[in-house]
Structures are given as structure tokens and as C-alpha cells.
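Right, one structure below, let's go through it.
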Amino acid sequence: MEIASKYDPRSVEERWYNFWLEKRLFHSEPDRRKAYTVVIPPPNVTGVLHMGHMLNNTIQDVLVRRARMLGKNACWVPGTDHASISTEAKVVKMLAERGINKRDLSREEYLKYAWEWKEKYGGIILKQLRKLGASCDWDRTAFTMDDIRYESVIKVFVDLYNKGLIYRGVRMVNWDPQALTAVSDEEVIYKESHGKLFYLRYYVEGEEKYIVVATTRPETIMGDTAVCVHPEDERYQWLKGKRVIVPGVGRIVPIIMDEYVDREFGTGALKITPAHDINDYNLGMKYGLESIDIFNDNGTLNANGGKYANMDRFACRKAIMKDLEEAGLVEKIEDYTNKVGHSERTDAVIEPKLSAQWFMKMESLAKKALEVVEDDTIQFHPAKFKNTYRHWLENIKDWCISRQLWWGHRIPAYYFERVTESGDRRTEVVVAVNEDEARKIAAEKYGYNGDLRQDEDVLDTWFSSWLWPISLFDGIRNPDNEEIKYYYPTDDLITAPDIIFFWVARMIMAGEEYRGEVPFRHVYFTGIVRDKLGRKMSKSLGNSPDPIELIEKYGADGVRMGMLLTAPAGNDLPFDESICEQGRNFANKIWNALRLVKGWETDGEVRQSDENALAVEWMEQRMACVLESIEKDFDQYRLSEALMSTYKLVWDDFCSWYLEMVKPAYGKPIDRETYDSTIRIFERLMCMLHPFMPFITEEIWHILQTCEENETLAQLGAESSIMMQHMPCSVFYDQRMLDDCNVAREMIAGVRNMRNSRGLSPKEELNLIVVAGSDKPLNRRFDGIVRKLANVGEITYSEAKPEGALGFMVGTMECFVPMKENIDVESELKKLEEELRYSEGFLMSVMKKLDNEKFVKGAPEKVVALERQKKADAEKKIEALKERIGELRG
RNA sequence: GGGAGUUUAGCUCAGCUGGUUCAGAGCACUUGCCUUACAAGCAAGGGGUCAUUGGUUCGAAUCCAAUAACUCCCACCA
């Protein structure tokens with residue numbers, strides 16, 4: 001068979017991905033096998049693939065492919081998230097570019113545009129994932145707003161409302177004046193910002209005296225309804241019971257006294273604006289203060305702003321300060337740094353705002369969700385995130401779930417007006433899965449048969465994603481269906497730590513509430529992908545490479561491997577393109593090994609040599625050994641370690657050692673037995689590597705096979721669990737043999753080193769004389785291999801030391817290479833003396849331990865025995881070295 | 001302000017319950033090689049007071065305390 005001299009990932013990757021798709025290898029249906037389930041963290045429909053997705057999905061794919069090969073029924077469900085607030089922002093922008101104002105559209109018209117947008121852009125990211133090799137069950141692709149998911153969300157809302165866990169109330173919420181919606185506490189990002197602290201004079205009513213109040217937000221004085229000082233503050237006792245005039249506004253407000261005030265801050269006097277600050281709101285409630293709302297929803301001042309009405313809040317700040325300064329009401333202005341809340345999605349400065357919203361009670365849900373993580377029913381990797389998780393759940397507040405948007409799940413609450421028995425007009429609300437149901441309830445409960453008005457708001461995006469592991473299998477609408485019973489709970493969740501509260505915690509709550517069972521067993525937290533300078537990758541910085549370009553340049557296998565090697569769980573990944581090079585180089589290396597092996601001529605007449613039989617045996621032992629360590633790595637989710645071991649197994653053990661051991665001399669054929677074994681070993685290596693590098697392994701596996709057209713490496717597990725056959729997990733391996741081989745490898749390296757340092761050609765054959773130093777019986781099985789790889793003619797075992805030879809030591813064994821030419825005595829002496837010095841120092845440290853009575857008494861026998869052995873070996877070595885030095889000086 | 005974490009080779013990180021896996025790996029680096037699979041390579045090398053200072057111990061990268069630097073999370077100080 002003709003094999004291309006260069007590996008071309010592009011054509012190979014596309015070919016195999018299509019093949020897998022055609023065969024529907026990634027599709028899963030419940031059967032008798034054990035299920036292995038992963039649900040994708042649904043990317044936003046607004047998104048395009050970035051490096052974070054690449055890392056996250058590569059990890060998922062490795063786990064899924066491995067499970068599939070181990071004979072499990074692997075199901076990786078893909079999908080996208082409607083991302084209400086960011087999508088709405090994009091759609092509004094797109095409309096604006098077309099000259100359309102959202103406000104001129106009806107809800108239905110607007111949603112038509114939004115769906116169009118979703119259809120056009122929403123699938124991009126999933127298509128991109130195919131290039132990465134993601135083995136998702138595409139037939140199951142879901143969307144958080146498709147019919148099943150939509151109905152599930154509505155059903156849950158109604159259910160939680162009926163259970164009393166969802167309520168509507170007027171609260172101080174975080175208002176995003178740009179998106180014109182409330183957002184949850186988690187969606188507010190506090191950022192350090194350099195601002196000013198303004199000291200304003202509040203004159204006492206009817207007096208010339210004034211009190212100075214410090215504020216960062218002078219524009220809110222229009223809403224001031226009190227000034228507060230600490231009740232024990234000496235400086236302000238005279239103000240007790242008095243009233244002051246709000247500067248520039250003229251409103252007369254009371255002085256109140258409350259321990260909330262920090263006497264150290266500013267002047268120790270605080271202005272109270274109940275409508276626009278959560279703390280002021282609380283104080284306002286406590287003292288029965290009036291609450292004056294001065295802002296419109298978009299952050300401009302309303303009619304209560306008087307002459308500043310319609311001005312933006314930040315422009316107003318400037319204008320007001322100018323006016324106050326002119327009026328002599330400003331004491332001073334200081335620079336001040338504080339944290340200001342910004343909207344996660346729009347980055348607008350959040351405005352605390354009193355409004356009617358829907359909330360969810362979290363306390364009871366949180367309790368259960370905490371338990372299952374505390375008792376390790378769900379394990380976090382790395383475990384340190386348990387702390388973060390615990391802290392949040394122990395301090396949880398109710399969740400504001402309504403959003404003043406159109407794109408999303410519309411809240412199934414229906415309002416109507418009625419007159420009560422006592423004659424009051426009241427607005428009633430009924431919550432039901434649809435309007436017909438709502439009518440029934442309204443009729444039954446209130447005898448009302450008129451029109452209903454549905455709540456205009458939609459639900460927080462996360463109110464649909466928290467159901468994801470359940471709703472994907474339709475386990476909300478049909479809790480007893482076969483699929484949910486088979487696939488749930490899922491096995492692993494792979495996600496970034498920044499959504500631990502938004503998503504992970506809430507999914508656990510939903511799992512407990514709706515399945516009485518955790519949604520997954522393990523959560524693997526990936527790190528954040530950063531650039532070389534340690535900055536987060538972001539669009540605005542332009543420091544994020546295009547993943548698709550990377551794949552084209554290095555191959556998907558190369559990119560996957562590069563990322564995995566440098567990203568242990570929970571560690572940030574400092575991304576540099578060069579890490580992909582390592583992956584690409586590795587692919588190239590494997591390809592060349594293939595070219596070598598496939599280039600060999602076999603000859604059935606040639607008998608397998610002892611050396612080749614030994615090489616095969618050794619390689620198999622090595623594989624079993626590495627396999628065992630990989631098992632452990634996967635158990636602990638140490639993917640980068642598992643990959644590194646496999647990498648070294650292939651590159652070092654297989655390519656550098658094994659293939660060199662069995663490689664026939666130029667032009668000579670190889671024996672059939674060794675050839676077949678080599679192919680088998682190669683195949684197994686491809687199996688081990690397949691989860692990490694699915695494309696090249698599949699390609700090579702096919703070339704190696706005498707090839708059944710229809711078989712594929714990716715599906716093997718499905719029928720026969722060939723990975724189990726090929727990767728026997730409980731194989732015993734002979735550590736002694738591996739040790740013996742290591743001695744041989746050291747001898748080979750010693751001879752090569754000798755050539756290197758003396759400038760001898762590798763082609764010149766040398767002889768080797770071994771003087772066994774220790775009483776350990778020498779294993780000479782590897783002699784033939786040493787001779788071949790070190791180009792040694794003869795190995796002689798002797799008691800006597802040869803003359804005119806250069807030496808090196810392997811353990812306590814002395815090796816000599818006789819030289820034809822004169823040896824450089826001086827440099828040889830220098831080397832020996834250095835080695836002697838080191839050995840003597842080593843002996844001293846060992847002696848120190850052994851001379852210490854406490855050590856000999858206190859340490860375990862085994863440790864003491866080892867020290868004694870060290871001592872004996874060192875003494876022997878020193879003796880040998882001294883002898884050699886004596887001879888050379890001779 | 002509270003909490004958590006990190007600090008080991010130039011870089012990214014392993015190092016489990018203290019002792020032959022104790023100072024490791026990969027990359028980078030140095031030297032020599034276009035050796036008929038591979039220069040995206042081969043062979044051989046160099047490189048670390050395990051952040052600092054104390055303590056516990058026969059023995060500390062490993063356990064304890066303090067210090068320093070960095071990172072992250074949480075929090076209503078105007």
C-alpha cells in the first residue's frame with residue numbers, strides 16, 4: 001500500500017468525520033449496556049466557537065470516546081441556549097441597523113425577527129464543534145426554547161408556584177438601564193472604578209448651620225428623603241430632631257439616627273435615597289420614609305428630577321454639581337475608588353430599582369444541594385470548588401427570575417381585575433400552563449370569566465438551563481419515560497468554574513426537586529484559557545485565536561492534544577499557538593512510524609530471533625504498565641497526565657526503543673511473527689490514543705488492518721468492547737523485566753555517550769567489557785539488544801579490568817570500552833575524580849544517617865536496610881573508582 | 001472587609017497518608033548528527049537552597065506557625 005509521505009490532517013479529518021456521521025456512530029439509544037451520559041453546557045446561540053469551548057468540548061469528547069470504547073453506551077447530548085438577554089441585545093442591534101426600532105414592533109413581530117436570527121446564526125457553533133471531532137449525538141440536538149424544553153420550563157414554573165416556591169413581589173432589584181430589564185444578583189459584576197466623593201452641605205432648617213454629607217452619587221439628591229447619622233456620634237447630637245434642606249432641591253427632610261451609619265466614613269453623615277439604594281431602602285422602611293423614584297427605566301431622570309428631567313444620570317451628575325458649586329453648597333470633592341456594579345451582559349452600570357418581579361425561594365432547595373456535594377454524592381474536580389460552592393449556598397438569597405424582555409419563556413401568569421366581596425377593585429393573578437387552564441382556574445377560584453392578560457415578562461435564561469440534564473430526556477413532561485430512566489443521572493459534567501452558581505448549583509437543585517436524584521456524579525471544572533500574558537481571552541482585546549484557523553493549521557488532533565497536555569483540571573490554560581505544534585509534531589511522528597512499519601518486507605522463512613521475541617515481550621509489558629497508570633489517571637480525571645503517559649509510551653518506548661530493537665537491517669526482511677506483533681502493538685496504541693486524537697488514530701488503524709471496510713475504531717466498543725480486549729486493564733506485568741531492560745537502556749546510553757563525548761562515529765563498532773560489581777545475578781537476556789542499538793560487537797563478562805579502556809558505570813556495574821587509540825588520560829582522570837567526589841559525599845550522608853542511633857532505632861527496618869544497601873553500593877563504587885584512578889595514574 | 005487557593009528547572013506543571021520513584025516530566029535550551037520512518041527528526045547533555053523564616057521529627061518539597069508575593073471568589077460601607 002502506498003502511504004503519503006506527509007500526514008495531511010485536513011482531508012483525513014473530514015473524511016472520517018463524515019464516515020462516522022454516515023454510520024451514525026455517535027447516536028445512542030437505550031439498550032442493555034451501561035449508559036454513559038454527558039450533556040453539553042449549551043453554548044449561547046449568539047456565540048461563535050472560542051478557545052474556552054475548544055478546551056471544554058475536547059475534554060468532553062475524550063471522556064465520551066473513552067467510555068464508548070470501554071463498551072458503555074455513550075450519549076453526549078448537544079444543544080444551544082437561547083441566552084435571552086444577549087440574544088435580545090443582538091437582535092435589537094440587528095434591527096437598528098435595518099432602521100427598525102424594537103418599540104415600533106409588536107411582540108409577535110419582534111419574535112419573528114428573533115427566530116429568524118436564531119435560525120441563521122444559532123447553529124454555527126455546533127457546526128464548528130464537528131471540526132474539532134466532537135462525537136455528539138447530533139440527532140438529539142436540543143434548544144432551550146424548542147417545544148419540549150419550553151413546555152418543561154412552563155410546567156416547572158407552575159409547579160413551583162403551586163408549591164409556594166415562586167412568588168411575585170415588589171423588591172429592590174438590579175436594573176440594567178440598557179437592556180431595560182432586571183437581572184439577578186449573580187449577573188452583577190462589581191468592578192473597581194475611579195470616581196469622586198462629593199461633600200455636600202445640607203443646611204439646617206431655619207438656621208445658618210449646616211451638616212456635610214458625603215456621597216458618590218449627587219444626582220440622587222433629587223430622591224433624598226432623610227439624612228442619617230449614628231445615634232452615638234458626638235458631633236451630631238445637636239441635630240437630634242431637626243430637619244435639613246436638601247441642597248439644590250429645597251426639600252426639607254428629617255435627620256434620623258441609626259447604627260447602620262459608619263462614623264468613620266466621610267463625615268459620618270449619610271443621605272438617604274430609599275428609591276435608589278438597597279440600604280437606604282431598608283432604612284426607609286424602618287423609619288417610614290417617603291420613597292421618591294427619580295429615574296426612568298433607561299437611566300434618565302424622570303419628572304421628579306425637576307429641571308434635570310430627561311437628562312442621563314451621568315450627565316445629570318455633572319450638571320447638578322456645577323449648579324451646587326455655583327450655589328456654594330459644595331464643601332469639597334475628593335478622589336475616590338469604589339466598586340460599581342455592572343451588568344454582566346451589557347456592561348451598563350446597574351441601577352438599584354424598586355420594582356415588581358418574580359422570585360424563587362432558594363433556602364430549602366439549597367439545603368439539599370449542599371448536602372449531596374458535602375457527602376461526595378457529587379464530586380468536584382478539583383475538590384477546592386467545594387468551598388466556593390458551600391459559601392454561596394449557605395448565604396443564598398432568593399432568585400429574581402423575571403426579565404423585562406421578549407426573547408425567552410414567557411411567564412405563564414395571567415392577570416385580571418375584579419371587584420371583591422367587600423367592594424374593592426383588585427388585580428388577581430392565576431398561574432397555569434396555558435391560557436385555557438388559567439381561565440378555568442379564574443372561573444373556579446374567583447368566578448371570573450372575562451379576559452386575561454398574560455404577564456409581559458420572560459424568565460431568566462438560567463431558569464431553563466437549570467433543567468437541562470432532565471429536560472433533554474423529556475423527564476419533566478414525562479417523568480417516567482424510558483430515556484430519562486436510562487440516561488439519568490448523567491455521569492460527568494464539564495464546565496467552567498464561573499458558572500458554578502448560575503448553572504451547576506441550580507442544576508443540582510432541579511435534579512433533587514424533580515428527580516429526587518443528583519443530575520451528575522462528577523463535575524470537572526476547566527480552567528480559563530488565557531493568552532501568553534495571562535490575560536483572559538476576549539473579543540475586545542483581540543487576543544483570541546480563531547479555533548477553526550488553528551484546526552486548519554495544526555489539525556484537530558494537534559490542537560486537541562496541545563490543549564490537553566497543558567490543562568490539568570481547574571488550572572488556567574496559558575494558551576500559545578506553539579502548544580499545538582507539539583500535537584502536530586506528534587501526529588507526524590506516528591505517521592512516520594507507520595511508514596516505517598508498512599515499508600517492511602516480511603519473509604515467512606525467517607525465524608524470529610530471540611532478541612525480537614524479547615522486544616515484543618518487553619513492549620507488551622510496558623504497555624500493560626502504562627495502561628495501569630492511565631486507568632488511575634482517568635479515575636482521578638487527570639487527563640493531561642494520562643495523555644502524557646500515552647505520548648511517552650508511543651514516542652519513547654515504541655518509536656525510539658521498540659522499533660529500533662526490531663527494525664531489520666537495510667534491505668533485509670523481517671520475520672512474520674515480529675511483524676504481526678508489531679502491527680498488533682501499533683493497533684493497541686492507536687486504541688489507547690484514540691480518545692485524545694480520534695482522527696489520525698482512526699486513519700492509521702485502518703491502514704494497519706487487513707481491513708474490514710465497515711469497521712471503525714471509534715465504534716469498536718459498541719459491539720465488542722474491543723478496547724477491553726485490546727486494553728486489558730488487569731494484566732499483570734513483570735516489573736523485574738522492565739527493570740532489566742532499563743539496565744540495558746542505561747548501558748546503551750553509556751556507550752552512545754562515550755561515542756558522543758569522544759567524537760567517535762556511531763558506525764564504528766565497539767566492544768564492551770562488563771565487570772559485574774554487585775552480587776546480583778546479571779540478566780544477559782538483553783545482550784543482543786544492547787549490541788544492536790549501541791553498535792557493539794562483543795560483550796564480554798569478566799572479573800578483571802581491562803587495560804587501555806574507557807569506562808562508565810551502570811549502578812555498581814563497571815562497563816569498559818577498549819580503545820584502539822590512546823586515551824586522553826588527563827580528561828579521563830578528571831571525570832573519574834569528579835565521580836569519586838560525588839560518591840564520597842553521597843556515602844558521607846548515608847553514614848551520617850546510619851551512625852545516628854535514633855535513626856537506626858526509630859526508622860522502619862525496611863528503610864534502614866535500604867540505607868545499608870546504599871552504603872554497601874557506594875563503598876563498592878568508590879573502591880572501583882579509586883582502583884581505576886590508580887591504574888590510570890599507573 | 002471576609003474566605004479560598006497558589007508559590008518546585010527559562011515556561012507549564014507532577015510529586016497520594018513525612019524515608020530509593022525524591023528532587024521529576026513535557027516544552028524550551030546546549031552539543032553532535034541531512035544515520036535509507038521522521039530536521040515537525042535522531043543521539044547525548046546542562047539546568048532547581050522545592051517563595052522566606054522558624055518549629056515538630058532520627059529524618060521535611062511533603063506536617064505546623066509566621067511572613068511575603070500573586071490569583072480567584074464572596075460582601076450594601078455611602
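Chain A is the first sequence line, chain B the second, and so forth, proteins listed ahead of strands; every chain is numbered from 1.
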Using a heavy-atom cut-off of under 4.0 Å over every strand shown, decide if A:Asn852 touches base, sugar-phosphate, or nothing. sugar-phosphate
Which part of the nucleic acid, if any, lies within reach of A:Asp498 when heavy atoms closer than 4.0 Å are counted: base, sugar-phosphate only, or nothing? nothing
Just call it for A:Tyr336: base, sugar-phosphate, or nothing, with non-hydrogen atoms closer than 4.0 Å on any strand. sugar-phosphate
Check whether any side-chain N or O of A:His342 sits under 3.5 Å from a backbone N or O of A:Val340 as a donor-acceptor pair, and report yes or no. yes
May I ask you to say what A:Asp280 touches in the nucleic acid, namely base, sugar-phosphate or nothing, with a heavy-atom cut-off under 4.0 Å? nothing
Given B:C77, is OP1 or OP2 found less than 4.0 Å from the side-chain N or O atoms of A:Lys339? no
Any Lys/Arg nitrogen of A:Arg10 or A:Asp8 sitting under 4.0 Å from an Asp/Glu carboxylate oxygen of the other? no
Determine the contact category for A:Phe385: base if any of its heavy atoms lies under 4.0 Å from a base atom, sugar-phosphate if only primed atoms, P, OP1 or OP2 are that close, otherwise nothing. nothing
Checking all strands, does A:Arg584 fall into the base, sugar-phosphate, or nothing category for heavy-atom contacts under 4.0 angstrom? base
With sugar-phosphate meaning primed atoms plus P, OP1 and OP2, does A:Val213 contact a base, only sugar-phosphate, or nothing at under 4.0 Å between heavy atoms? nothing
Hey, does A:Asn395 reach any base, or is it just sugar-phosphate, or nothing, if we go heavy atoms under 4.0 Å? nothing
Gap in Å between the two P atoms, one belonging to B:C13 and one to B:U8, rounded: 9 Å
Separation of atom CG in A:Leu393 from atom C1' in B:C74, rounded to whole Å: 13 Å
Run the salt-bridge test on A:Glu219 and A:Arg313 with the 4.0 Å N-O cut-off and return the result as yes or no. no
What nucleic acid atoms does A:Ser656 come within less than 4.0 Å of, heavy atoms only: base, sugar-phosphate, or nothing? sugar-phosphate
Between A:Asp653 and A:Arg745, does at least one N-O distance fall below 4.0 Å, as a salt bridge requires? yes
Compute both the distance and the angle, then confirm whether A:Lys386 meets the cation-pi test with A:Phe380: under 6.0 Å from the six-membered ring centre, within 45 degrees of the axis. no
Pull up the glycosidic torsion of B:U20 and say syn or anti, syn being anything within 90° of 0. syn
Classify the nucleic acid contact of A:Ala587 as base, sugar-phosphate or nothing, counting any heavy atom under 4.0 Å across all strands shown. nothing
Return yes if some donor-acceptor pair links the side-chain N/O of A:Lys191 with the main-chain N/O of A:Lys339 below 3.5 Å, else return no. no
Counting N and O atoms only, with roles assigned by atom type, does the side chain of A:Asn852 sit under 3.5 Å from a partner on the main chain of A:Lys854, one being a donor and the other an acceptor? yes
Would you classify A:Arg755 as touching base, sugar-phosphate or nothing, given that sugar-phosphate means primed atoms plus P, OP1 and OP2, and contacts are heavy atoms under 4.0 Å? nothing
OP1 or OP2 of B:A40 versus the side-chain N and O atoms of A:Tyr554: is any pair under 4.0 Å? no
Expressed as a whole number of angstroms, how long is the span from A:Lys598:NZ to B:A37:P? 17 Å
RNA chain B in dot-bracket, Watson-Crick or G-U pairs under 3.5 Å, [ ] crossing, | other strand? (((((((..((((.....[....)))).(((((.......))))).....(((((..]....))))))))))))....
Nearest of B:C58, B:G15, B:G26 to any side-chain atom of A:Phe855? B:C58
Tell me if the side-chain of A:Glu581 makes a donor-acceptor pair with the base of B:A28, cut-off 3.5 Å, by modelled atom types. no
Write out a two-atom table: protein N or O, nucleotide N or O from nucleotides 20-24 of chain B, distance below 3.5 Å.
{"unit_1": "B:U20", "atom_1": "O2", "unit_2": "A:Lys870", "atom_2": "NZ", "d": "3.3"}

Look at A:Glu351 together with A:Arg217 and state whether they make a salt bridge at an N to O cut-off of under 4.0 Å. yes
Could you say whether A:Asp185 or A:Glu264 is positioned toward the 5' end of RNA chain B, judged by the nucleotide with the nearest heavy atom to each? A:Asp185
Write down the distance between CZ (A:Phe525) and C1' (B:U71), rounded to a whole number of angstrom. 17 Å
Single hit among A:Leu324, A:Val213, A:Thr273 for side-chain contact (heavy atoms from CB on, under 4.5 Å) with A:Ile221: A:Leu324
When rounded to the nearest Å, what value does the distance between C1' atoms of B:G2 and B:C64 take? 24 Å
Give one of base, sugar-phosphate or nothing for A:Phe501, where a contact means two heavy atoms less than 4.0 Å apart. sugar-phosphate
When rounded to whole Å, the CG to C1' distance for the pair A:Asn571 and B:U12 reads 9 Å
Should A:Asn387 be listed as having a side-chain N or O under 4.0 Å from OP1 or OP2 of B:C73? no
Is A:Glu861 touching bases, backbone alone, or none of the nucleic acid, heavy atoms closer than 4.0 Å? nothing
Could you tell me how far B:U67 sits from B:G26 if I compare only their P atoms? Round to whole Å. 39 Å
Strictly below 4.0 Å, N to O, side chains only: are A:Lys332 and A:Glu334 in salt-bridge contact? yes
Examine the base of B:C76 for any acceptor or donor lying under 3.5 Å from a partner atom in the side chain of A:Asn279, and report the outcome as yes or no. yes
Please tell me which of the listed nucleotides, B:A44, B:C42, B:C73, lies nearest to the side chain of A:Ala749? B:A44
Suppose you measure atom C1' in B:A14 against the same atom in B:U21; what distance do you get, rounded to whole Å? 12 Å
Taking all heavy atoms of A:Gly268 and all of A:Asp233, pick out the closest pair and write down the distance. O-OD2, 4.4 Å
Distance under 6.0 Å and angle within 45° of the ring axis: does A:Arg622 meet both against A:Trp651? no
NA contact type, A:Lys271, heavy-atom cut-off 4.0 Å: base, sugar-phosphate, or nothing? nothing
With nearest nucleotide decided by heavy atoms, which residue, A:Leu596 or A:Asn753, maps closer to the 5′ end of RNA chain B? A:Leu596
Tell me if the side-chain of A:Tyr190 makes a donor-acceptor pair with the base of B:C74, cut-off 3.5 Å, by modelled atom types. no
